[in-house]
> 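I have a structure I would like to understand better, so I am pasting it below and will then ask my questions one at a time.
All values derive from a computational prediction rather than experimental measurement.
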Amino acid sequence: MEGFFNFKNGKKLKSGYTTGTCSAAAAKASALMLLSGHNVESIDVRIPKDNIVLNIQIHDIKRTNEWVRCSVIKDAGDDPDVTNGIKIFATCLKTKSKIAIEGGEGIGIVTRKGLKVSIGKHAINKVPYKNIEDNVFMVCNEFNYKGGIKVIISCPEGREIAKKTMNERLGIIGGISILGTSGIVEPMSEKALIDTIKVEMDMKISEGKDFLYLTFGNYGRDFAKNHLGLNADDFIKCSNFIGDALDYAVYKGVKKILLIGHAGKMVKLAGGIMNTHSKVADCRMEIIAAHCGAIGIDKTIINKIMSAITTDEALLIMKDENISEKVWEKIGEKIKYHIDERVKKKIKIDFIVFTEEYGILTSFMENGGNYEG
């Protein structure tokens with residue numbers, strides 16, 4: 001991938017592509033070689049981000065009468081990434097019907113509830129899964145092929161590389177995950193990220209806006225668009241740096257903010273944590289458990305929550321015990337308290353806490369949620 005750069009903090013930084021994009025490219029190339037009978041040196045692959053098409057080099061081609069296998073080398077650009085340089089393989093073979101995607105060697109197996117992939121399945125998240133499927137489907141259409149194709153994604157180095165990630169802690173055993181909501185790895189230092197947030201805020205303010213929409217990332221933007229009918233382009237992504245974003249909003253004289261965030265990030269605000277990166281602090285279960293204790297929930301349930309790995313797993317426990325609404329009401333009160341303290345009540349802040357599966361868990365909407373994109 002050439003010529004894909006960002007300019008951050010006065011520096012020219014090369015972008016890379018995710019394990020999801022690697023998988024889609026290798027799968028498309030394997031499918032193309034399987035149906036055409038000819039090898040390819042590179043492949044054009046469409047990624048989720050704005051339907052961008054990237055040209056990616058293909059390696060390690062091997063074929064038999066039944067299948068074709070090839071690899072793509074992960075390129076993280078100038079972003080520090082333990083998966084940089086590893087090879088992601090895709091093997092394609094013909095079947096009777098439909099496109100089926102599986103994980104193979106070096107792709108982790110999900111063993112805990114609360115993740116985006118079901119227990120027992122390989123850790124191929126839904127966005128890259130669909131991207132692999134879409135790119136293989138394009139090849140099938142090109143050749144008017146009406147049968148099926150089985151795609152096996154593998155990474156021989158995955159088991160060792162996974163030891164340097166959080167996968168085992170999350171309950172993903174035996175390999176890496178296939179990830180990526182946009183398909184692109186955009187390198188940024190912490191300072192560059194914060195500077196970018198400030199620039200985006202300046203742009204919105206220069207347009208005459210005295211209120212801002214904030215979210216941590218793509219999940220919040222998608223939720224705002226799909227469930228609230230808001231314009232996703234109006235949202236400023238603050239990544240993990242919600243405290244810095246709020247500080248700058250105060251400095252710039254912003255009057256009102258709507259903050260939309262996934263429960264996994266927002267629950268940390270209830271503990272006064274204003275940099276939500278897991279390397280800075282990860283007290284999600286402790287915060288949820290403390291609020292359970294505060295309303296008198298039995299310690300057996302609290303212990304289950306303390307043993308949970310993700311907020312989705314904790315939510316499942318709370319839903320089963322019919323305590324979710326009460327607990328998240330209390331958590332919402334603490335979120336409101338800490339963000340008001342951060343801005344010294346100089347900004348009116350509405351917020352929504354959600355998950356994809358359960359929708360809105362708690363919120364504070366002073367104007368009744370009457371927002372216009």
> Regarding Arg46 and Asp134, does a basic nitrogen lie under 4.0 Å from an acidic carboxylate oxygen?
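Asp134 and Arg46: not salt-bridged.
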> Over 60° means perpendicular and under 30° means parallel, so classify the ring planes of Phe354 and Phe223, tilted if in between.
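Correct class here is parallel.
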> Do Ile58 and Leu93 share a hydrophobic cluster (ILVMFWY, side-chain heavy atoms under 4.5 Å, transitive)?
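In one cluster with Ile58: Leu93, no.
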> Say whether Asp312 and Tyr358, considering side chains only, have a donor N or O and an acceptor N or O under 3.5 Å apart.
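There is no such pair between these side chains.
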> Check whether the side chains of Ser177 and Asn125 place a donor and an acceptor atom closer than 3.5 Å, and report yes or no.
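Judged by distance alone, the side chains do not pair up.
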> Is the shortest side-chain N to carboxylate O distance from Lys252 to Asp202 below 4.0 Å?
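Yes.
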> Parallel, tilted or perpendicular, judged at 30° and 60°: which one describes the rings of Tyr213 and Phe211?
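Perpendicular: the ring planes of Tyr213 and Phe211 meet at over 60°.
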> What residues, two or more places apart in sequence or in another chain, satisfy side chain to side chain donor-acceptor pair (under 3.5 Å) together with Lys299?
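With neighbours one apart ignored, the set is empty.
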> Checking side-chain hydrogen bond (donor to acceptor under 3.5 Å, both in side chains) between Lys74 and each of Thr83, Thr19, Asn84, which is the one that passes?
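Going through the options one by one, the only one that passes is Thr83.
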> Within 45° of the axis and under 6.0 Å from the centre of the six-membered ring of Tyr337, does NZ or CZ of Lys334 qualify?
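Judged by the rule, Lys334 and Tyr337 form a cation-pi pair.
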> Which residue, Lys336, Lys344, Arg342, forms the salt bridge (Lys or Arg N to Asp or Glu O under 4.0 Å) with Asp340?
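Answer to the salt bridge (Lys or Arg N to Asp or Glu O under 4.0 Å) test with Asp340 among Lys336, Lys344, Arg342: Lys336.
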> Given side chains that start at C-beta, do those of Leu179 and Thr18 come closer than 4.5 Å, heavy atoms only?
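No, every pair of side-chain atoms sits at 4.5 Å or beyond.
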